[in-house]
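Computed from a predicted structure; not experimentally measured. All values below come from the heavy atoms of this structure, side chains included, with hydrogens, waters and symmetry mates left out.
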There are 2 protein chains.
Amino acid sequence: MHSGLSIIEENYLKAIYKLQQMDGRVSTNELASEMGTSAASATDMIKKLSNKAVIQYEKYYGVQLTTYGANLAIQLVRRHRLWEVFLHDKLGYSWEKVHDLAEELEHVNIHDLADRLDAYLGHPKSDPHGDPIPDGSGQLPKTDYIKIDELRERDSFEIKGIVDSDAKFLNYLTERNLGIGCKLRLISIDAYAETYEVLIEATHQSLVWTKRIAQNILIKKT
Amino acid sequence: MHSGLSIIEENYLKAIYKLQQMDGRVSTNELASEMGTSAASATDMIKKLSNKAVIQYEKYYGVQLTTYGANLAIQLVRRHRLWEVFLHDKLGYSWEKVHDLAEELEHVNIHDLADRLDAYLGHPKSDPHGDPIPDGSGQLPKTDYIKIDELRERDSFEIKGIVDSDAKFLNYLTERNLGIGCKLRLISIDAYAETYEVLIEATHQSLVWTKRIAQNILIKKT
DNA sequence: AAAAATATTTAGACTAGGCTAAATATTTTT
DNA sequence: AAAAATATTTAGCCTAGTCTAAATATTTTT
Ligand SMILES: [Mn+2]
Ligand SMILES: [Mn+2]
Ligand SMILES: [Mn+2]
Ligand SMILES: [Mn+2]
């Protein structure tokens, strides 16, 4: 259960996992920027994680998680998201607040804490931001969410997830009564301005999404 | 909310708080021994905590918590015990396991986490070891527990708490079906051997407690 | 009131994680 | 194919927390 990694090493590991999702290979600069440190510090840490067999490292080439490292990362993500569910569902925190708290709680990993928490929460499939929660064996529930650019005018849809849940974006959504499970309809597409006019079914409120905003929202056609 | 102390500084603070309960003034050696470090390390940390106005320090004399430091310590104890209740009552951990986990969780202190946890747990008055939980303003519920040497033969009593909940002692109790709330009767006192024969009401099981064991159990006459 | 024993502090060194500045490799542009 | 720009690593230094060994203060014993 105990990973042999320090809290800081675990945070780097999670960052590598996140970047690898998108890019495959992770460069020193990418990692440094994600962690908010210097490239020199990232190089130092890369060497440490490499010595612990968590990542595979080739000089001037970048890093990749080993199978072992990927497993550790997924369990870390699992704990993070389970804590987010706890904080949101049981303690009533808003989805903007849960991330910072889970960022600390995720590092507690003794006994079978994650499994007990999972059972207590009723084996949730996704966290408050719509991100899928890996099961005990590291399996991620398969989702088939799309983005709004795959819809046609007058299609109905539901918000299912957020690509990058940074606090400012979550706040933007909350202020406009948008959240996971929210039902909407695509009213019109402005192809030149690259904007989408949508209507919230519940309130009949109408909004315009720029491409940048729309690309950050995962949906399902209904 | 954020104390300005590192996790390690917080652990020292809690140790000082614990030792001060018993002794008043805390010596360098006592602290080093409680923390499992060298006296030199304890001296180093004492200087740091003193600079942060958490303790008052006089060379070669010992340390004492300041009012500010005592408040921080009590809030830390509050978080520790609330997490223990959560782990025990909600996740079903035994009282031997909750301490180690709470030792890590107690350091998470952002937003109003302790207060939300407290409300969620129904404002518990004591943790799974019978230790009182301070309220949000640091007030400890007053208890009037005694030890068995204040009883007479044939008195009935209930276990209310444990003085020093180390794992081995908790295990000793669990193996004999003893725990908080357990009802017993004092059968006889052997003044010369300094032992107490007690009877568990529920099972009619009879046990002999040595003075060392008896001194570690807090009870209430019923 | 000395001597001996004990407690505490200081000195110097080590590891983890971080930084800046300089050196070196790689990629892109011309 | 050079030159310029960018990316990465190395070198050297810093702080937090730890250690051992040595120095100093205090307490206890004789
Ligand atoms: Mn984290
Ligand atoms: Mn999340
Ligand atoms: Mn702790
Ligand atoms: Mn306890």
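Residue A/Y57 is classed as a sugar-phosphate contact, given heavy-atom separations below 4.0 Å to backbone atoms only. Residue B/T28 is classed as a sugar-phosphate contact, given heavy-atom separations below 4.0 Å to backbone atoms only.
Partners of B/K52 by salt bridge (Lys or Arg N to Asp or Glu O under 4.0 Å), not counting sequence neighbours, listed by chain and number: B/E9. Considering only residues two or more places apart in sequence or on other chains, B/S27 meets the side chain to side chain donor-acceptor pair (under 3.5 Å) condition with B/E30. Under the ring-ring contact (aromatic ring centres under 6.0 Å, His included) criterion, A/F157 pairs with no residue at all, not counting sequence neighbours. Scored by the salt bridge (Lys or Arg N to Asp or Glu O under 4.0 Å) test, A/E194 finds A/K211 as partners (sequence neighbours excluded). The salt bridge (Lys or Arg N to Asp or Glu O under 4.0 Å) check on A/K125 picks up nothing, with sequence neighbours excluded. In this view, A/E10 and A/R79 satisfy the salt bridge (Lys or Arg N to Asp or Glu O under 4.0 Å) rule, not counting sequence neighbours.
Sorted by first then second residue, the salt bridge (charged side-chain N to carboxylate O under 4.0 Å, His left out) pairs that include residues 127-151 of chain A, not counting sequence neighbours, are A/R81-A/D127. Among residues at least two apart or in separate chains, ring-ring contact (aromatic ring centres under 6.0 Å, His included) pairs with a member in residues 50-80 of chain A are A/H80-A/H99. The list of salt bridge (charged side-chain N to carboxylate O under 4.0 Å, His left out) pairs with a residue in residues 83-92 of chain B, not counting sequence neighbours, is empty.
Helical stems in DNA chain C, defined as runs of 3 or more consecutive Watson-Crick or G-U wobble pairs with donor-acceptor distances under 3.5 Å: C:1-30 with D:1-30.
Using a 30° and 60° split on the angle between ring planes, A/Y120 and B/Y120 fall in the perpendicular class, above 60°.
In summary, contact between chain A and DNA chain D, defined as any nucleotide atom under 4.0 Å from a heavy atom of the protein, begins and ends at D/dA7 to D/dT10 in the 5' to 3' direction.
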Nucleotide by nucleotide, nucleotides 11-16 of chain C touches protein heavy atoms under 4.0 Å in the pattern (B base, S sugar-phosphate only, - none) -----S

